[in-house]
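Scroll down for the structure; my scribbles are underneath it.
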Amino acid sequence: MDQPVRGVDISFFGCYLQVLSPHSLAEHTRDLTLHLQAPEFSRDLLVFDYNEQGYMRCIFKHGNINEAERWAEMLKDPAWFIRKPLSDA
């Protein structure tokens with residue numbers, strides 16, 4: 001099941017996401033895949049914290065070194081990110 005999320009914070013190692021429809025995602029869900037639309041890319045992740053507001057703390061599963069290196073390069077490209085002040089997060 002696909003769920004839209006908002007990326008609050010993201011790094012090579014993991015991310016902090018907000019599920020936009022928090023009650024539609026089972027709390028026991030731990031293994032997920034984050035699909036980016038632009039650029040088209042996917043990362044498998046493990047959810048280790050989830051709250052009622054739909055915020056999830058996740059770590060990425062880097063099983064393929066080539067994909068992990070590609071991910072690291074994408075994170076360095078500011079074209080893929082919109083930086084907002086913390087008060088807007």
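FYI, the numbering just counts along the sequence from 1.
- Ring planes of Y16 and Y55: parallel class, angle under 30° (limits at 30 and 60°).
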**OP:** Report the C-alpha distance between L34 and F41 in whole Å, list the side-chain angles of each, state the deciding distance to 0.1 Å, and finish with yes or no for side chain to side chain contact (heavy atoms under 4.5 Å, CB included).
**Re:** CA-CA 8 Å; L34 177 65; F41 197 74; over 6 Å; no
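- A chain of hydrophobic side-chain contacts below 4.5 Å, direct or via other Ile, Leu, Val, Met, Phe, Trp or Tyr residues, connects L36 to I10.
- Taking all atoms of both residues into account, the shortest heavy-atom contact from S11 to L75 is C-CD1, 3.5 Å.
- Remark: V47 engages R30, L32, L45, Y50, M56, C58 in a side-chain contact (heavy atoms from CB on, under 4.5 Å) (not counting sequence neighbours).
- The heavy-atom pair separating R43 from K61 by the smallest distance is NH2-O, 3.4 Å.
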**OP:** Give the C-alpha distance, both sets of side-chain angles, the deciding distance and a yes or no for side chain to side chain contact (heavy atoms under 4.5 Å, CB included) between V8 and L17.
**Re:** CA-CA 5 Å; V8 177; L17 305 172; over 6 Å; no
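- With H62 contributing its side chain and F13 its backbone, the two residues share no donor-acceptor pair below 3.5 Å.
- Note that CD of Q18 is 13.5 Å distant from CG of D9, once rounded to the nearest 0.5 Å.
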Original post:
Going through the checks in order, is the side chain to side chain contact (heavy atoms under 4.5 Å, CB included) test met by D44 and F60?
Top reply: CA-CA 6 Å; D44 290 331; F60 292 119; over 6 Å; no
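- Under the 3.5 Å distance criterion, the side-chain polar atoms of N51 are matched with a main-chain donor or acceptor of G54.
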Subject >> Worked check of side chain to side chain contact (heavy atoms under 4.5 Å, CB included) between R6 and V19 >> reply: CA-CA 7 Å; R6 180 175 71 93; V19 179; over 6 Å; no
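- Considering only heavy atoms from C-beta on, D31 comes within 4.5 Å of L46 through its side chain.
- Within 6.0 Å of atom CD in E40, 12 or fewer heavy atoms from other residues, nucleotides or ligands are found, so the atom counts as exposed in its surroundings.
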**OP:** Begin from the C-alpha positions of E73 and R70 and carry the test salt bridge (charged side-chain N to carboxylate O under 4.0 Å, His left out) through to its verdict.
**Re:** CA-CA 5 Å; E73 289 304 312; R70 182 172 167 227; over 6 Å; no
